[in-house]
Amino acid sequence: MRPEENRNEERKIKKNKSEGKKPSAEELGSRADTSKSKNKKQKETGKKKKEKSAKEQEEPEYPDFHSDRKNRVKKRAREEDPQEETLVARRKKKVKTETEERAEKTKKDVKVKKEKKVKEEPQIAAGGKRKKTKEEIEAARALKIKKKEEEEQQRWRWWEEEKYEDGIKWKFLEHKGAYFPPEYEPFPDHVKFYYDGKPMALSLAAEEVAGFFAHMLDHEYTTKEVFRNNFFTDWRKEMTLKERMIITDLEKCNFNEMFEFYKNKMEAKRNMSKEEKQKIKEANQKIVEVFGFCLMDQHQERIGNFKIEPPGLFRGRGDHPKQGKLKKRIQPEDVIINCSRDSKIPEPPLGHKWKEVRFDNTVTWLASWTENVQGSCKYIMLNANSKLKGEKDWEKYEVARNLKSRIAAIREKYKQDWKSKQMVARQRAVALYFIDKLALRAGTEKEEGETADTVGCCSLRVEHIKLYPELDGQQHVVEFDFLGKDSIRYYNKVPVKKSVFKNLKLFMENKQGDDDLFDRLNTSLLNKHLNSLMPGLTAKVFRTFNASVTLQQQLKELTDSSANMPEKILSYNRANRAVAVLCNHQRAPPKTFEQSMANLQSKASQKSQANYDNRKQCHRICINKM
DNA sequence: ATCCCCACTTAGTAAAGGACTC
DNA sequence: GAGTCCTTTACTAAGTGGGGAT
């Protein structure tokens, strides 16, 4: 919008205000087709019904951040299918019930008691075979602790050293490059691929890619149409002309023998003798010793991911449009090495060359390559215990700590901005309120069609919220329903301030479901504003801050200093769970979940039956004694 | 102002490891 | 000793945010 248009709008608003009218969305500059570039998705979106005005009702200032979601049944969007019933059951089980927690506690108590008993009775423990195992376990545990302590002692105490000048990440860096996955090993001759019922020999390249698919045959991915289509298209590219002429329909492909071969191989691996397993472990250990460490400024640092990602089929999450595409094998010729000029430059694998060797000490990565599916950069970096990661982490929490002293003023400011005459300020203020109150992510814009359709705060669309003037006895309720990072569903019903509610209505006026809710806002604008309020402040800091506050509050609330260790651990886990709820952290239940739960339930019912029988028996004895 | 690239953090999933139980 | 369960680690996809080019 040009400045004079802006002024005109402001005048209009003023005029309306003096006449007692509320500004319309258009007057404030909210039109669906305005400034913000959009990633519109082709989706059926029903027009949202206009909400009726609601009575004034203020929600508590800053309630605990998760209380209204505590008992919410969360679900992942991909679970919205005919199997809903069983999946709901799975989800319910996911959040542990109080009973389970108690069981957990009892179990832990018993465990601690047992351990105590072993310690108190060394003479008994010394004799039998079983006791010896316990001792061995104890010894192993002690060894582990000792090793950790030693590691801790050897640790680079970088925080006691002077910081480097701005932007300089290291002064000396030497490493061994990257570890490349082993070459493709073809299937033995007896393992065949069948096309249209007939065995068909494949070229090496085509066979390798077929193997990737065969490997995943028991995974849900291979049933998804997008995955199958992408795989098939990319697979055909790897085929010889002749193969391509024959193989034209994925439905006619039979990978079962390949799948069985992999399954048997895994099984055989599982059944290996201890010695064989040990051998493999030692071989892996050697690889880690060579490639897993680097020398940085006179300190040995562990590398987080020294292995080049092996080829395979891309496993994008949610409805990723590129799922199933072939992730190609990375060659040394694709890899850029970064190290010190005066270090021993890593050798590329025999007969190969690096793409480039550079000496850039303003970045933290040791090697990088561009991945073919999304065209994004992949890096080899140090692990989380390293100086570089630790320092960054420290800084992150420092910024969050700084926010603590400014949060009151910042909250005050955005509340004032809810009444701003400028649409952009209003949108910014409401978005910030959500980010602060609900720990939403910023919501950076993404290229349409390149990734799954997920959003964060700034990229919320009209279709992602519903307004209820009144719901379940609460007023001004906003219902959020969208897919966030990793296509994890965010579903929440939140009572908001009346002015937020009114603003949302305004933002939604004259818009379609697939229009941006905050059409005047993007993360760049928001972050610029935040930076002006406090140096280093960005949208993501609020998540760190509120997660930390929640953890601290919950720990204080739940922990009793006189409690024993298992009780304290339980409190800690509960506090962490509160943070997980706030941040909408979710994991899919493990594949074995149904069975495990069934086992537990049968055990529980057996136990309660036994208890009942016991009580009956006692009762009888008591009666007899009377 | 917008786009795009780059560097880096965050977080879910799968595999590995290890303790416990029957 | 096998099976199960739980924890830890490895892997890598998916975000955020800065900065330069257009």
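Below, chain A is the first sequence line, B the second, and so on; all start at residue 1.
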Residue whose nearest DNA chain B nucleotide is more 5′ - A:Lys528 or A:Lys485:
A:Lys528

Answer yes or no on whether A:Lys437 is positioned over the face of A:Phe480, meaning its NZ or CZ is under 6.0 Å from the six-membered ring centre and within 45° of the axis.
no

Looking only at side-chain N and O atoms, does A:Arg543 come under 4.0 Å of OP1 or OP2 in B:dA11?
yes

A:Lys176, NZ atom: more than 12 neighbouring heavy atoms under 6.0 Å:
no

Tell me, which of residues 372-393 of chain A have any heavy atom that sits under 4.0 Å from an atom in DNA chain C?
A:Gln374, A:Lys378

Check the angle between the aromatic planes of A:Phe213 and A:Phe231 and answer parallel, tilted or perpendicular using the 30° and 60° thresholds.
parallel

Taking 4.0 angstrom as the limit, do A:Lys279 and A:Glu282 come out as a salt bridge?
no

Does any N or O in the side chain of A:Asp486 come within less than 3.5 Å of the main-chain N or O of A:Ile488, such that one atom is a donor and the other an acceptor?
no

Of the candidate nucleotides B:dG12, B:dA7, B:dG18, which contains the atom at the shortest distance from the side chain of A:Lys281?
B:dG18

Sole residue of A:Gln427, A:Met423, A:His529 in side-chain contact (heavy atoms from CB on, under 4.5 Å) with A:Leu521
A:Gln427

With sugar-phosphate meaning primed atoms plus P, OP1 and OP2, does A:Lys322 contact a base, only sugar-phosphate, or nothing at under 4.0 Å between heavy atoms?
nothing

A:Asn305 CG - B:dC8 P separation (whole Å):
13 Å

Both A:Lys269 and A:Val363 contact DNA chain B. Taking the nearest nucleotide for each, which residue is further toward the 5' end?
A:Val363

d(CD, A:Gln278; P, B:dG18) in whole Å
10 Å

Hey, does the side chain of A:Lys277 come within less than 4.0 Å of B:dG17's phosphate (OP1/OP2), counting only N and O?
no

Would you indicate, yes or no, if C:dA14 has its OP1 or OP2 atom less than 4.0 angstrom from a side-chain nitrogen or oxygen of A:His320?
yes

Candidate nucleotides C:dA13, B:dG12, C:dA10, ranked by approach to the side chain of A:Arg587 - the nearest
B:dG12

Round to a whole Å and report the spacing from CZ of A:Phe306 to P of C:dT9.
15 Å

In terms of relative ring orientation, are A:Tyr490 and A:Phe482 parallel, tilted or perpendicular, with 30° and 60° separating the classes?
parallel

Taking CD1 from A:Ile303 and P from C:dT12, how many angstroms apart are they, rounded to a whole number?
16 Å

When the distance from CH2 of A:Trp394 to P of B:dC8 is rounded to whole Å, what number comes out?
20 Å

Closer than 4.0 Å, any side-chain N/O of A:Arg317 to the OP1 or OP2 of B:dT10?
no

Could you tell me whether the side chains of A:Thr364 and A:Lys389 share a donor-acceptor contact shorter than 3.5 Å?
no

Starting from P on B:dC8, measure out to CH2 on A:Trp365 and report it in whole angstrom.
9 Å

Between A:Thr454 and C:dG15, does any side-chain N or O lie under 4.0 Å from OP1 or OP2?
yes

State the CG-CG distance between A:Leu533 and A:Leu432, to the nearest 0.5 angstrom.
8.0 Å

Distance-only criterion, 3.5 Å: show the donor-acceptor pairs between side-chain atoms of residues 372-381 of chain A and protein atoms not counting sequence neighbours.
{"residue": "A:Asn372", "atom": "OD1", "partner": "A:Lys328", "partner atom": "N", "Å": "2.9"}
{"residue": "A:Asn372", "atom": "ND2", "partner": "A:Leu326", "partner atom": "O", "Å": "2.9"}
{"residue": "A:Gln374", "atom": "OE1", "partner": "A:His320", "partner atom": "NE2", "Å": "3.4"}
{"residue": "A:Ser376", "atom": "OG", "partner": "A:Glu371", "partner atom": "OE1", "Å": "3.1"}
{"residue": "A:Lys378", "atom": "NZ", "partner": "A:Glu309", "partner atom": "OE1", "Å": "3.3"}
{"residue": "A:Lys378", "atom": "NZ", "partner": "A:Glu309", "partner atom": "OE2", "Å": "3.3"}

Classify the nucleic acid contact of A:Thr364 as base, sugar-phosphate or nothing, counting any heavy atom under 4.0 Å across all strands shown.
sugar-phosphate

Whole angstroms only, please: what is the OH-C1' distance between A:Tyr490 and B:dT10?
18 Å

Interatomic distance where CG belongs to A:Asp486 and P belongs to C:dC11 [whole Å]
19 Å

In B/S/- notation (B base, S sugar-phosphate only, - none; protein heavy atoms under 4.0 Å), nucleotides 16-22 of chain C written 5' to 3' is SSS----

Options C:dG15, B:dA14, C:dA14, nucleotide nearest the side-chain atoms of A:His219:
B:dA14

Among the nucleotides C:dT12, C:dG15, B:dG12, whichever has the atom closest to the side chain of A:Glu309 is C:dT12

Side-chain ion pair, A:Lys171 and A:Asp297, N-O less than 4.0 Å
no

